[in-house]
Amino acid sequence: MTITSPHLSSPSTAWTDARLLYALEEVVEQELNRHLKVAKDWMPHEYVPWSDGRNFPGLFEDGEAWQKEQSKVTEIGRIALVVNLLTEDNLPSYHHEIASLFGRDGAWGTWVHRWTAEEGRHGIVMRDYLLTSRAVDPDQLEQFRMSHMSEGFESDNRHSMLHSVAYVAFQELATRVSHRNTGHQSGDPVCDRMLARIATDENLHMVFYRNLLKAAFDLAPDLTMQAVRDVIVNFRMPGHGMPGFERAAAQMAIGEIYNMRIHHDDVIQPVLRFLKVLEIDGLGPEGLKAQEELGLYMGGLDAEASKFDEKLAARKARMAARAAG
């Protein structure tokens with residue numbers, strides 16, 4: 001099956017960010033209205049086990065120092081929770097990025113502020129849960145937060161609104177998957193419920209941007225194809241600059257919270273399939289080149305994911321043998 005993407009009379013080089021923002025405004029309004037109808041407000045405090053909380057040392061003389069054994073959360077759950085929360089902590093920088101790109105007026109501006117408000121809940125509930133349940137060292141968490149936020153955040157795609165829309169279409173899904181898998185691996189049903197609630201929000205955000213990306217393909221197929229190729233080939237999670245990220249990411253890969261196989265199967269492929277990106281016909285030379293390069297890259301990513309799968313299976317077998325011995 002092929003999909004024909006009609007070209008407008010104007011050449012693709014005539015598309016500027018300003019023209020694309022204006023052309024997509026109606027779609028943004030439609031998607032915003034759809035989002036507001038299906039999104040459900042929820043209260044962060046309802047997901048926190050407040051009765052488990054007690055004082056930490058400091059102003060309170062009866063404060064109890066943090067110890068790892070005080071929490072039900074598994075070690076991999078703790079690592080992933082910190083990464084996920086520190087990622088959410090940089091919301092001011094993310095807001096600045098998208099407000100600068102998309103603007104603060106009209107449907108675009110309404111979406112920017114609504115998205116920011118919804119994302120703000122995630123950081124609130126995660127920090128309250130982590131401190132109340134004593135899942136992490138509170139002093140270290142605050143030191144990490146200060147270090148990470150002091151660096152700020154600059155998107156790899158801030159030069160182009162099309163690249164930015166393409167990036168968040170995949171990144172929101174990646175975040176949903178990471179939160180959901182963290183909940184499954186956390187060892188605490190309360191944590192699992194909280195992260196499932198957050199993941200629901202992230203999925204709605206993904207749908208908004210995915211549908212916007214579909215409209216961009218209809219308007220400017222060649223430029224959008226190039227943006228999708230660039231974003232997928234150079235994809236990085238927004239928390240890549242946080243302290244100890246590389247080590248934490250490796251542990252999360254082994255712990256099957258987020259790794260190459262998950263990235264390929266559960267993040268990139270679903271969006272590409274929904275938009276039928278590799279089946280789009282009628283592209284110009286640059287769009288066709290980008291489509292072919294994307295197809296080749298996805299084949300290579302699948303091969304690399306298969307190698308990772310083999311290493312992970314071998315590691316599990318060694319661990320099982322040691323446990324049996």
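Start at 1 with the first residue, then count along the sequence. Only a predicted model underlies this, so the values are computations on that prediction, with no experimental measurement involved.
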What's the spacing between [X] [atom1] and [Y] [atom2] if we round to 0.5 Å?
X	Y	atom1	atom2	result
L162	L212	CG	CG	9.0 Å
D137	E142	CG	CD	11.5 Å
H45	T132	NE2	OG1	13.0 Å
Q269	H263	CD	NE2	10.5 Å
F102	E25	CZ	CD	12.0 Å
K40	L204	NZ	CG	10.5 Å

Answer yes or no: is there a donor N or O on one side and an acceptor on the other, between the side chain of [X] and the main chain of [Y], under 3.5 Å?
X	Y	result
Q70	A65	yes
W66	F56	no
S164	N157	yes
N203	A199	no
Y94	T87	yes
S178	A174	no
Q226	D222	yes

With ring centroids as reference points, do W111 and F208 lie under 6.0 angstrom apart?
yes
Report the C-alpha separation of Y167 and F235 in whole Å, then their side-chain angles, then the decisive distance to 0.1 Å, and conclude whether the ring-ring contact (aromatic ring centres under 6.0 Å, His included) test is met.
CA-CA 8 Å; Y167 175 73; F235 188 88; 5.3 Å; yes
Does a sphere of radius 6.0 Å around [atom1] in [X] hold more than 12 heavy atoms from other residues, nucleotides or ligands, not counting ones at 6.0 Å or beyond?
X	atom1	value
Y297	OH	yes
D105	CG	no
E246	CD	no
H96	NE2	no
E64	CD	yes

Are a donor atom and an acceptor atom from the side chains of H148 and N90 found within less than 3.5 Å of each other?
yes
State whether a side-chain donor-acceptor pair under 3.5 Å links T175 with Q171.
yes
May I have the step-by-step check of salt bridge (Lys or Arg N to Asp or Glu O under 4.0 Å) for K307 and E310, ending in yes or no?
CA-CA 5 Å; K307 291 178 183 177; E310 292 172 4; over 6 Å; no
May I ask whether [X] and [Y] are part of the same hydrophobic cluster, defined by side-chain heavy atoms of I, L, V, M, F, W, Y residues being less than 4.5 angstrom apart, directly or through others?
X	Y	value
L86	I124	no
L296	V277	no
Y209	V207	yes
L272	F274	yes
W115	V27	yes

Give the C-alpha distance, both sets of side-chain angles, the deciding distance and a yes or no for salt bridge (Lys or Arg N to Asp or Glu O under 4.0 Å) between E172 and R176.
CA-CA 6 Å; E172 292 282 5; R176 185 202 87 180; over 6 Å; no
Do the non-hydrogen side-chain atoms of [X] and [Y] ever get within less than 4.5 Å of each other?
X	Y	value
F217	V228	yes
K289	M225	no
I98	V168	no
Q143	M146	no
R236	F245	no
W50	D128	yes

Evaluate side chain to side chain contact (heavy atoms under 4.5 Å, CB included) for H113 paired with R104, printing each intermediate quantity in order.
CA-CA 8 Å; H113 296 304; R104 295 174 173 82; 4.2 Å; yes
Residue pairs, two or more places apart or on separate chains, that pass side chain to side chain donor-acceptor pair (under 3.5 Å) and touch residues 186-197
Y129-D188, R180-D192, R197-D201
Output, in order, the C-alpha distance, side-chain angles, deciding distance and verdict of salt bridge (Lys or Arg N to Asp or Glu O under 4.0 Å) for E75 and K68.
CA-CA 9 Å; E75 181 63 19; K68 188 180 293 187; 3.6 Å; yes
Which atoms form the tightest heavy-atom contact between [X] and [Y], and what is the distance?
X	Y	answer
L173	P270	CD2-CB, 4.3 Å
V83	A248	CG2-CB, 3.6 Å
T224	A216	OG1-O, 3.1 Å

Carefully, step by step, assess E202 and E119 under the rule side chain to side chain contact (heavy atoms under 4.5 Å, CB included).
CA-CA 8 Å; E202 303 290 9; E119 288 288 343; 3.0 Å; yes
For R127, the salt bridge (charged side-chain N to carboxylate O under 4.0 Å, His left out) test, sequence neighbours excluded, returns D89
Which other residues end up in the same hydrophobic cluster as M43, if Ile, Leu, Val, Met, Phe, Trp and Tyr are linked when side-chain heavy atoms come under 4.5 Å apart?
none
Applying the salt bridge (charged side-chain N to carboxylate O under 4.0 Å, His left out) test to E256, which of R261, K316, R315 qualifies?
K316
After noting the C-alpha distance and the side-chain angles of L278 and Q291, does the key distance pass the side chain to side chain contact (heavy atoms under 4.5 Å, CB included) rule?
CA-CA 6 Å; L278 296 179; Q291 187 183 50; 4.3 Å; yes
L81 and C191: side chain to side chain contact (heavy atoms under 4.5 Å, CB included), yes or no, with the steps?
CA-CA 10 Å; L81 280 162; C191 180; 4.0 Å; yes
